[in-house]
Amino acid sequence: MKAQKLEALKRSMLEDIHLTESDLGQSATQLVFGYGDPQAQLVMIGEAPGKDEDLQGRPFVGRAGQLLKQLLALIQLKIEDIWLTNLVKYRPPSNRDPSDSEKNDHAPYLEKELDIIKPKLILTLGRHAGAYFKPDLKLSQEHGQAYKLKRFKTSSEVDSKILFAPLYHPAAGLYNPQLVSIMQTDFLKLKPLII
């Protein structure tokens, strides 16, 4: 049932002219929708697809995805065990940061995606995804800390059972190898919430 709802949501994004005819929709190769287990208790959210993701149509298939697989292995999980998605589902040109308007255009679809999956824990990867749920986020100080998710931006629904924790994006570990041990510590610290 969830898989069909997610497929319908993907179709609605592909039929949304506001998205497909936008500069972002026109410059990207394809929509990069979420991937993984629709029944997952854990959802991980990045900010936007990169080059490899844009070409293959799946999130986290490049070098950052390889590091993410290693981090998940620390807590005995595989990508297929979770739901993996992005806040913005079209690749920004030259891997630039997604703009506020692009994030706002894609946000209702992310929220519908989360409403379908109904995770217990959301891990955001990077400051853009984290700041979506906690606008005053200071990632360098708050990474790895779990918070009750009060609300979604476009929904009046409150579900205090959902926890959210901001993490560094795996790509940050590729550019700054010193962050990898911090990321490993965060994953291990959050493991009791995940399983």
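- Counting non-hydrogen atoms of other residues, nucleotides and ligands closer than 6.0 Å to NZ of K120 gives a total of 12 or fewer.
- Scanning all heavy atoms of the two residues, the minimum distance from P38 to G36 falls at CD-O, 3.3 Å.
- Side chains of D37 and D81 form no contact here, defined as non-hydrogen atoms less than 4.5 Å apart.
- Between P98 and K103 the shortest side-chain heavy-atom distance falls below 4.5 Å.
- V180 is connected to L74 through a chain of hydrophobic side-chain contacts under 4.5 Å among Ile, Leu, Val, Met, Phe, Trp and Tyr, so both are in one cluster.
- In this structure, N104 contributes its side chain and D100 its backbone to a donor-acceptor pair below 3.5 Å.
- With sequence neighbours excluded, the residues satisfying salt bridge (Lys or Arg N to Asp or Glu O under 4.0 Å) with K134 are D136, E142.
- Looking only at side-chain heavy atoms (C-beta outward), P166 and L125 stay at 4.5 Å or farther from each other.
- Rounding to the nearest 0.5 angstrom, the gap separating the NE2 atom in H128 from the CG atom in L137 is 11.0 Å.
- Looking at heavy atoms from C-beta onward, M44 lies in side-chain contact with L68 at the 4.5 angstrom threshold.
- When side chains are defined from C-beta on, L77 counts as touching I82, because their heavy atoms get closer than 4.5 Å.
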*Would you check, one step at a time, whether the test salt bridge (charged side-chain N to carboxylate O under 4.0 Å, His left out) holds for K69 with E80?*
CA-CA 10 Å; K69 284 180 182 180; E80 294 78 14; 5.9 Å; no
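- Scanning both residues, L193 and A146, for their nearest heavy atoms gives CD1-CB, 3.7 Å.
- Counting non-hydrogen atoms of other residues, nucleotides and ligands closer than 6.0 Å to CD of E21 gives a total above 12.
- L6 contributes atom CG, which lies 11.5 Å from atom CE of M1 (distance to the nearest 0.5 angstrom).
- Annotation: salt bridge (Lys or Arg N to Asp or Glu O under 4.0 Å) contacts of E7 (sequence neighbours excluded): none.
- Under the 3.5 Å distance criterion, the side-chain polar atoms of N176 are left unmatched by any main-chain donor or acceptor of G173.
- Q39 and W83 are not linked by any side-chain donor-acceptor pair at a separation below 3.5 angstrom, with hydrogens and angles left out of the test.
- In this structure, Y168 and I182 have side chains that are in contact, with non-hydrogen atoms separated by less than 4.5 Å.
- For the residue pair K191 / Q76, a side-chain donor-acceptor distance below 3.5 Å is found, with atom types taken as modelled.
- A search for salt bridge (Lys or Arg N to Asp or Glu O under 4.0 Å) contacts involving R127 returns D97, not counting sequence neighbours.
- Nearest heavy atom pair, residue P59 against residue N86, reads CB-ND2, 3.8 Å.
- Residues L31 and L55 fall into different hydrophobic clusters, defined by Ile, Leu, Val, Met, Phe, Trp and Tyr side chains chained together at heavy-atom separations under 4.5 Å.
- Of the candidates E102, E53, E113, K10, K89 forms a side chain to side chain contact (heavy atoms under 4.5 Å, CB included) with just one, namely E113.
- Applying the 6.0 Å contact sphere to NZ of K51 captures no more than 12 heavy atoms from other residues, nucleotides or ligands.
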*Might you work through the ring-ring contact (aromatic ring centres under 6.0 Å, His included) test for Y175 and H169, ending with a clear yes or no?*
CA-CA 11 Å; Y175 299 111; H169 194 287; 9.5 Å; no
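- How far CD of Q184 is from NZ of K189: 14.0 Å, rounded to the nearest 0.5 Å.
- Inspection of the Y90 and D54 side chains reveals no N or O donor paired with an N or O acceptor under 3.5 Å.
- Between Y35 and V61, every side-chain heavy-atom pair lies at or beyond the 4.5 Å cut-off.
- Distance check: E15 CD to I17 CD1 gives 9.5 Å after rounding to the nearest 0.5 Å.
- Between Y132 and H106, the gap from one ring centroid to the other reaches at least 6.0 Å.
- Closest of all the heavy-atom pairs between P49 and V88 is CD-O, 3.1 Å.
- At a threshold of 4.5 Å between non-hydrogen side-chain atoms, the residues I45 and L114 count as touching.
- Remark: side-chain polar atoms of Q26 are paired, donor with acceptor, to backbone N or O of T20 under 3.5 angstrom.
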*Apply side-chain contact (heavy atoms from CB on, under 4.5 Å) to the pair D105 and H18, showing each step before the final yes or no.*
CA-CA 8 Å; D105 289 346; H18 183 70; 3.2 Å; yes
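- V43 and V32 fall into different hydrophobic clusters, where Ile, Leu, Val, Met, Phe, Trp and Tyr are joined by side-chain heavy atoms under 4.5 Å apart, directly or via other members.
- By the neighbour-count criterion of 12 heavy atoms within 6.0 Å, atom CG of D23 is sparsely surrounded, having that number or fewer from other residues, nucleotides or ligands.
- Taking both residues in full, the closest heavy atoms of A129 and T124 are given as O-CG2, 3.6 Å, listed atom of the first, atom of the second, then distance.
- Closest approach of F164 to L149, counting heavy atoms only: CB-CD1, 4.2 Å.
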_Under the criterion side-chain contact (heavy atoms from CB on, under 4.5 Å), I'd like the reasoning laid out for I122 against L163: C-alpha separation, chi angles, the key distance, then a yes or no._
CA-CA 6 Å; I122 296 171; L163 294 176; over 6 Å; no
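- Expressed to the nearest 0.5 Å, how far CD1 of I117 lies from NZ of K2 amounts to 7.0 Å.
- The CG atom of L19 sits 9.0 Å away from the OG atom of S12 when rounded to the nearest 0.5 Å.
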